[in-house]
Protein chains: 2
Amino acid sequence: MVNHDLVREGDQPVYSFVVLEGLIGSTKYTGEGKRQITSFFVAGDIPDLHGLHLSVMDCNFSTLTPARVGFMRHDALRSICDQHPRIAAAFWRSTLIDAAIYREWVTNVGRREAYTRMAHILCELICRMRSVGRIEDHVADIPITQAALGDALGLSTVHVNRMLQELRREGLIATTGSRVHARDWAGLKRAGDFDTTYLHQKTPAD
Amino acid sequence: MVNHDLVREGDQPVYSFVVLEGLIGSTKYTGEGKRQITSFFVAGDIPDLHGLHLSVMDCNFSTLTPARVGFMRHDALRSICDQHPRIAAAFWRSTLIDAAIYREWVTNVGRREAYTRMAHILCELICRMRSVGRIEDHVADIPITQAALGDALGLSTVHVNRMLQELRREGLIATTGSRVHARDWAGLKRAGDFDTTYLHQKTPAD
DNA sequence: CGTCGCCTTGAATTCATTCAAACCCCGTGG
DNA sequence: CCACGGGGTTTGAATGAATTCAAGGCGACG
């Protein structure tokens, strides 16, 4: 159920999919076999809309937690786009926000140190889950492994573990099982050098 | 002329622009003031098409070398898109390729070590310049500073310098002034763990 | 009750940064 | 014509952040 590839690099899919439940990641592998998660996708997102206009996949989409998705044929999507330019524009916009998130990830991985990076990604996850109603009282249910977090942050599992400990020690988060509780949201944002602008949320859930 | 911001984070521009000459970078700054270049744009590219559908800029666009650009009003572009769905689709496709490049950059910065990372970015630059006819005999004229390369790779200037030296020592590249010569293209691609797929070039210039 | 996956811990190592200084090329002005 | 600066490159040494390796613990599940 977890780490299941829905689409693979090199594929030429005729379907896109929408996330109904769980967490999906777009992933790439280096020649050395190291995995990088390049973005998360939460309920409501359509991760691989780019397949509509790019014939060959340049990344994989895998489940990071148990998940449910719904598939949609490309030809159906295309005819919807042709007939309803507003929807086409909305799809386009959605892919542009994905790109904005990728940009932020490059910055996060390239220029922030591990502790800040960790806090930042938690902020993003919480914001995005909140905007689709998956957060209650700053508590997010994210049954993602520390290894996966490492793949998203470009860090080793061991170091992810230490950074999480430090965030707990600082009183910024608490974890019980798969739940992450943002105990000090303002502090977490500060620690993560986090600014929601890049998410382009209509209601800046903050 | 260099390091000139054409557009700034937070702006709500009414123009997009096309690169006519030179190298443009999309950049972001962390709270600590560190710069990350999240992508390059070469002649023919339209870097900030996303401004068409996202009202506020989440990154800057700066010149990395002396450059010439041409501006285009958003309302003009929008009416072109409305009247010519084929052009709209081409624009959309172009932004999707940008996103694919961002994904690769996340991977490059997150999971490849400095030497490989450096080789990889040179491969990308050379491929993209070649596809728009800016390369003769594997020689690229890229008057970009090592500091800028560092900002693109998430590395310090000093380390960029050392990695370039190593690439020279291995006989993969030669540099004279601002010219980079890929002396051993196959070797450089191997060293950079480089696969052109993500560039989605129609004529895989390789 | 044993096993498997995931989390945690410590110590040694490595990769990359930082700091500081020297160098080089090139354009400018005395 | 040469001294002067300035931006960019190069070098070495010391430091630091994160990885790797290896082992142990913890909890869920068959």
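This structure is a prediction, so every number in the text was calculated from the model and none was measured. Labels below follow one simple rule: chain letters A, B, ... track the order of the sequence lines, proteins then strands, and each chain is numbered from 1.
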(Q) Tell me whether A:Glu104 is salt-bridged to A:Arg112, with the criterion being a basic N under 4.0 Å from an acidic carboxylate O. (A) yes

Q: May I ask you to verify if any side-chain N or O of A:Gln146 is less than 4.0 angstrom from the OP1 or OP2 atom of C:dT8?
A: yes

Q) Does a side-chain N or O from B:Gln165 land closer than 4.0 Å to OP1 or OP2 of D:dT9, or not? A) no

Q. Hey, what's the ring geometry for B:Phe71 with B:Tyr15, parallel, tilted or perpendicular (30° and 60° as the breaks)?
A. perpendicular

Q: Could you label the plane-to-plane angle of the A:His138 and A:Trp185 rings as parallel, tilted or perpendicular, counting under 30° as parallel and over 60° as perpendicular?
A: tilted

When you get a sec, tell me which of [options] is the closest nucleotide to the side chain of [X]?
| X | options | answer |
| --- | --- | --- |
| B:Arg162 | D:dT19, D:dA13, C:dA16 | D:dA13 |
| A:His159 | C:dT17, D:dT19, D:dT11 | D:dT19 |
| B:Asn161 | D:dT11, D:dA18, C:dG10 | D:dT11 |

Q. Quick one: bend of the helix from C:dT8-D:dA23 to C:dG30-D:dC1 from 5 pairs per end, to 10°?
A. 30°

How many whole angstroms separate atom [atom1] of [X] from atom [atom2] of [N]?
| X | N | atom1 | atom2 | value |
| --- | --- | --- | --- | --- |
| B:Ile144 | D:dG8 | CD1 | C1' | 13 Å |
| A:Glu32 | D:dT20 | CD | P | 9 Å |
| B:Lys34 | C:dT18 | NZ | C1' | 11 Å |
| B:Arg111 | D:dT19 | CZ | P | 8 Å |
| A:Glu113 | D:dA18 | CD | C1' | 11 Å |
| A:Ile142 | C:dC7 | CD1 | C1' | 17 Å |
| B:Asn3 | D:dG7 | CG | P | 12 Å |
| A:Arg112 | C:dT17 | CZ | C1' | 19 Å |

Select base, sugar-phosphate, or nothing to describe what [X] touches, counting heavy atoms under 4.0 Å on all strands.
| X | value |
| --- | --- |
| B:Thr145 | sugar-phosphate |
| A:Arg168 | sugar-phosphate |
| B:Gly154 | sugar-phosphate |

Q.
Taking side-chain hydrogen bond (donor to acceptor under 3.5 Å, both in side chains) as the criterion, tell me which of B:Asn3, B:Thr30, B:Asn60 meets it with B:Arg35.
A. B:Asn3

Over 12 non-hydrogen atoms of neighbours within 6.0 angstrom of [atom1] in [X]:
| X | atom1 | answer |
| --- | --- | --- |
| B:Tyr115 | OH | yes |
| B:Arg8 | CZ | no |
| A:Arg168 | CZ | yes |

